[in-house]
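Notes to accompany the following structure.
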Number of protein chains: 4
Amino acid sequence: MTSAAPSSRQGGSARTGRPRSAEADRAILAATREALVELGWPGLTLGDVAARAGVAKTTLYRRWPGKSALVVDAVAALFDERLDLPDLGSLQADIEGVVRQFAALLDRPETKTALMAVVAESTRDDALRERIRTAIVDRQKRLVLLGRERAQARGELPRDTDPVASARTADLIFDVVAGAVVHRTLVSAEPVDTDWARRFAALLLGGLTAATGD
Amino acid sequence: MTSAAPSSRQGGSARTGRPRSAEADRAILAATREALVELGWPGLTLGDVAARAGVAKTTLYRRWPGKSALVVDAVAALFDERLDLPDLGSLQADIEGVVRQFAALLDRPETKTALMAVVAESTRDDALRERIRTAIVDRQKRLVLLGRERAQARGELPRDTDPVASARTADLIFDVVAGAVVHRTLVSAEPVDTDWARRFAALLLGGLTAATGD
Amino acid sequence: MTSAAPSSRQGGSARTGRPRSAEADRAILAATREALVELGWPGLTLGDVAARAGVAKTTLYRRWPGKSALVVDAVAALFDERLDLPDLGSLQADIEGVVRQFAALLDRPETKTALMAVVAESTRDDALRERIRTAIVDRQKRLVLLGRERAQARGELPRDTDPVASARTADLIFDVVAGAVVHRTLVSAEPVDTDWARRFAALLLGGLTAATGD
Amino acid sequence: MTSAAPSSRQGGSARTGRPRSAEADRAILAATREALVELGWPGLTLGDVAARAGVAKTTLYRRWPGKSALVVDAVAALFDERLDLPDLGSLQADIEGVVRQFAALLDRPETKTALMAVVAESTRDDALRERIRTAIVDRQKRLVLLGRERAQARGELPRDTDPVASARTADLIFDVVAGAVVHRTLVSAEPVDTDWARRFAALLLGGLTAATGD
DNA sequence: CAATAACCGAGACGGTACGTCAGGTCTTTTC
DNA sequence: GAAAAGACCTGACGTACCGTCTCGGTTATTG
């Protein structure tokens with residue numbers, strides 16, 4: 001499940017000339033993550049990334065529109081790699097598990113420093129917001145859907161009746177889970193330990209099961 | 001309820017010399033908010049702020065260590081002004097109310113663009129993180145405490161028994177509420193409308209009342 | 001007789017990449033002289049020079065280490081242009097001529113204000129002193145050598161026997177002539193008029209012819 | 001023969017109020033020389049001088065109009081102290097002696113770095129030029145006059161007949177001697193050793209005795 | 001001996017230039 | 001025609017020093 005490709009050539013009929021090096025793409029994204037670890041978002045410069053990747057700055061600008069988009073692509077791969085939903089036997093356990101995975105991901109220096117920054121930029125850049133949505137947000141909503149399916153199969157949650165309400169609830173849950181973990185980790189700057197994960201999962205689970213009707 | 005003063009002179013024994021102009025502080029913070037509205041976080045420069053405030057750049061650097069800290073102070077005042085917790089008769093209504101207030105605050109151009117940016121910077125700057133905590137986070141936790149008190153008075157929530165657990169729960173709720181609203185607004189980039197607020201409040205309320213013990 | 005080029009790329013093997021604009025060099029040096037005329041040495045700023053030359057400040061710093069070095073190069077060209085030694089028929093006349101030329105040069109606003117300033121800076125900056133020596137001092141010693149040759153051809157001075165002593169004497173004469181004119185013009189702040197030039201030339205000529213041996 | 005007092009109160013009728021501290025004057029001038037030695041002219045700042053002297057910057061500005069004037073006063077005292085004209089028995093020896101004294105003075109870090117700088121500034125500041133003239137130049141012309149008197153007493157030079165021509169010649173000699181030594185020391189940056197002093201004195205002496213008429 | 005006037009230290013103030021750095025673009029030569 | 005190299009323009013950065021100002025407080029002379 002390879003993550004987002006960089007912006008492919010826009011013009012349709014491009015066949016002639018030297019082809020773009022695929023190796024360069026990998027090197028650039030790896031260099032970006034590496035630089036992010038060492039320097040953090042504010043210290044990361046495209047010139048430095050280019051130098052680490054053994055690539056000219058020009059090449060970099062030919063493929064990404066700027067620093068933010070590059071970082072989104074570099075970080076998105078980590079989300080695919082690091083987040084999954086192993087079946088832990090109960091919805092409570094599954095929630096705890098994904099919460100702790102997500103917290104661990106946010107604790108990595110690459111993501112910790114970069115995620116809020118690109119979100120901040122995205123408030124003024126629609127293309128960037130769209131890139132974040134497709135490369136990160138929408139891809140990870142699968143976890144919510146999968147978790148609910150399993151819980152329904154186990155009988156922990158009722159079957160969906162209205163598909164529209166179902167989708168809205170999934171979005172709500174995603175915002176609550178992701179938002180709470182991000183806020184705990186980056187704003188409150190407190191650890192997401194076993195205790196917190198358990199208490200958060202209990203709160204969420206209580207809310208989900210209490211809301212019989214709506 | 002005046003919000004955080006800028007970094008006062010660190011040396012304790014400061015009585016001599018020309019005193020700092022209090023007028024300048026006000027002008028600088030106002031200019032910062034104004035510039036934030038017009039230019040957004042990335043476009044905001046300290047030189048421009050100084051010019052708008054009719055103040056020299058050096059004056060600005062004498063009082064704040066940098067752009068981020070200044071913005072935190074400038075924005076913190078808005079949180080004090082814009083967030084309160086009028087008694088709407090029920091916990092559900094109180095939650096809905098504060099959620100919508102907070103969402104409205106995050107929709108203002110000053111905060112939308114700046115808040116995530118300073119949080120991003122704070123991941124690499126302990127002093128900045130501390131400033132955010134004292135100027136914004138800790139101050140707004142009062143809303144959670146007040147809401148719970150009222151709900152307890154109404155009999156909607158049980159009385160606290162263990163003060164330690166009580167404090168931990170307050171923190172959890174704060175992370176959930178603030179995180180969910182921020183994520184909905186800035187990451188998912190969807191509106192916090194009446195419906196969402198109602199459904200979120202119901203979810204949270206369910207979780208709170210379901211968790212009898214713990 | 002084009003004067004000193006600015007500091008060329010230090011690394012030897014530079015062939016690739018965009019070459020430095022030769023046009024920029026000319027524009028910068030011209031702008032420097034122009035700014036020097038209008039603002040004088042203390043008022044001259046590199047930012048202003050860059051703006052006049054239609055060039056970025058960085059371009060300027062890429063080629064010169066600072067204000068002083070730039071001014072040396074800018075002024076050196078004037079020395080090449082403005083000083084020569086037309087054959088006026090006698091050593092006395094030749095000395096008078098070059099003295100008045102030099103005084104006229106020192107009376108120009110570009111040189112008057114800048115020359116002493118860079119010499120002052122050079123007392124603490126070896127690289128600058130070396131630049132002054134190669135770009136100005138050594139180049140103008142040619143005038144002394146040429147004048148002596150002519151005088152010898154006319155029989156006004158004896159032929160050199162010892163080349164070492166000859167060089168030392170040339171240096172001495174250069175210091176005396178240049179030093180006296182500079183001191184008269186800038187320190188005593190009195191004009192180098194016909195009378196002064198004639199009396200100075202007579203003094204020097206007397207010294208030269210009196211010293212038969214060494 | 002105490003050298004120039006700093007600018008006294010301009011208003012005539014000042015008698016009342018606290019008088020200016022004479023101690024401060026001494027401390028400031030000493031601090032100036034000290035800072036000049038350590039930092040050189042370009043690195044010397046009035047704030048630093050004030051701190052060294054244990055004095056407020058205000059006090060300093062109350063007495064001198066700026067950096068240059070202060071330095072002139074600080075340096076002028078050295079000229080008085082370090083230059084004299086002991087009778088060495090012949091005009092040649094006297095010239096050599098004063099030349100070497102002057103060169104030694106110019107080799108001190110205070111003077112080396114400061115002298116050209118204030119001269120440079122004086123080209124744009126008439127008050128400063130006047131201060132240099134009265135505090136330094138005119139005071140040291142005494143050496144020329146004294147040397148000539150002695151040489152006349154010894155019979156090495158003819159008695160003056162025309163007082164006007166006599167004064168003009170003294171000025172010329174002063175420019176030649178001071179100029180040559182300054183140029184040798186600061187521009188050519190070569191040492192004024194025994195040999196150079198002897199050859200220079202010989203040249204000058206030759207010029208003086210050759211010029212019978214005129 | 002009180003009033004007054006000028007001094008003093010400290011340090012904040014508005015300015016201005018500094019030299020550096022990053023973002024992007026453009027121009028070469030090489031592959 | 002893409003790639004590497006590197007010069008280019010733009011514009012902000014944070015610092016330093018300038019010379020002025022505003023404080024609280026300290027000497028002197030004058031009344």
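A, B, ... follow the sequence lines: proteins, then strands. Residue 1 opens every chain. Predicted model, so just to flag it, every value in this text is computed and none were measured.
Phosphate proximity of F:dA2 to A:R62: absent, as no side-chain N or O sits under 4.0 Å from OP1 or OP2. The side chain of C:R20 places no N or O atom within less than 4.0 Å of a non-bridging phosphate oxygen (OP1 or OP2) of F:dG6. Phosphate proximity of F:dC23 to B:T16: absent, as no side-chain N or O sits under 4.0 Å from OP1 or OP2.
In this view, B:K112 and B:D107 satisfy the salt bridge (Lys or Arg N to Asp or Glu O under 4.0 Å) rule, not counting sequence neighbours. C:E130 meets the side chain to side chain donor-acceptor pair (under 3.5 Å) test with no other residue; sequence neighbours excluded. Shown here are the salt bridge (Lys or Arg N to Asp or Glu O under 4.0 Å) partners of B:R33, two or more places apart in sequence or in another chain: there are none.
Judged as a side chain to side chain donor-acceptor pair (under 3.5 Å), the pairs with a partner in residues 40-50 of chain C (not counting sequence neighbours) are, in order, C:D48-C:R52. Listed by first and then second residue, the salt bridge (charged side-chain N to carboxylate O under 4.0 Å, His left out) pairs that reach into residues 114-126 of chain D are D:D126-D:R129, sequence neighbours excluded.
Nearest to the side chain of C:R63, among E:dG9, F:dA7, F:dA28, sits F:dA7.
Atoms CD (D:E23) and P (E:dC7) sit 18 Å apart, rounded to a whole Å. Taking atom CG on C:L60 and atom P on E:dA17, their separation rounds to 15 Å, with Å as the unit. Between the C1' atom of F:dC18 and the CG atom of D:L70 lies a distance of 14 Å, rounded to the nearest Å. When rounded to the nearest whole Å, the span between CH2 of C:W64 and P of E:dG19 equals 15 Å.
Taken to the nearest 0.5 Å, the CD atom of C:E110 stands 11.5 Å off from the CG atom of C:L44.
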When you compare the protein's N or O atoms with those of nucleotides 22-26 of chain E, which come within less than 3.5 Å of each other, and at what distance?
| from | atom 1 | to | atom 2 | distance (Å) |
| --- | --- | --- | --- | --- |
| E:dG23 | OP2 | A:L46 | N | 3.1 |
| E:dG24 | OP2 | A:Y61 | OH | 3.2 |
| E:dG24 | N7 | A:K57 | NZ | 3.1 |
| E:dG24 | O6 | A:K57 | NZ | 3.0 |
| E:dC26 | O2 | C:R18 | NH1 | 3.1 |

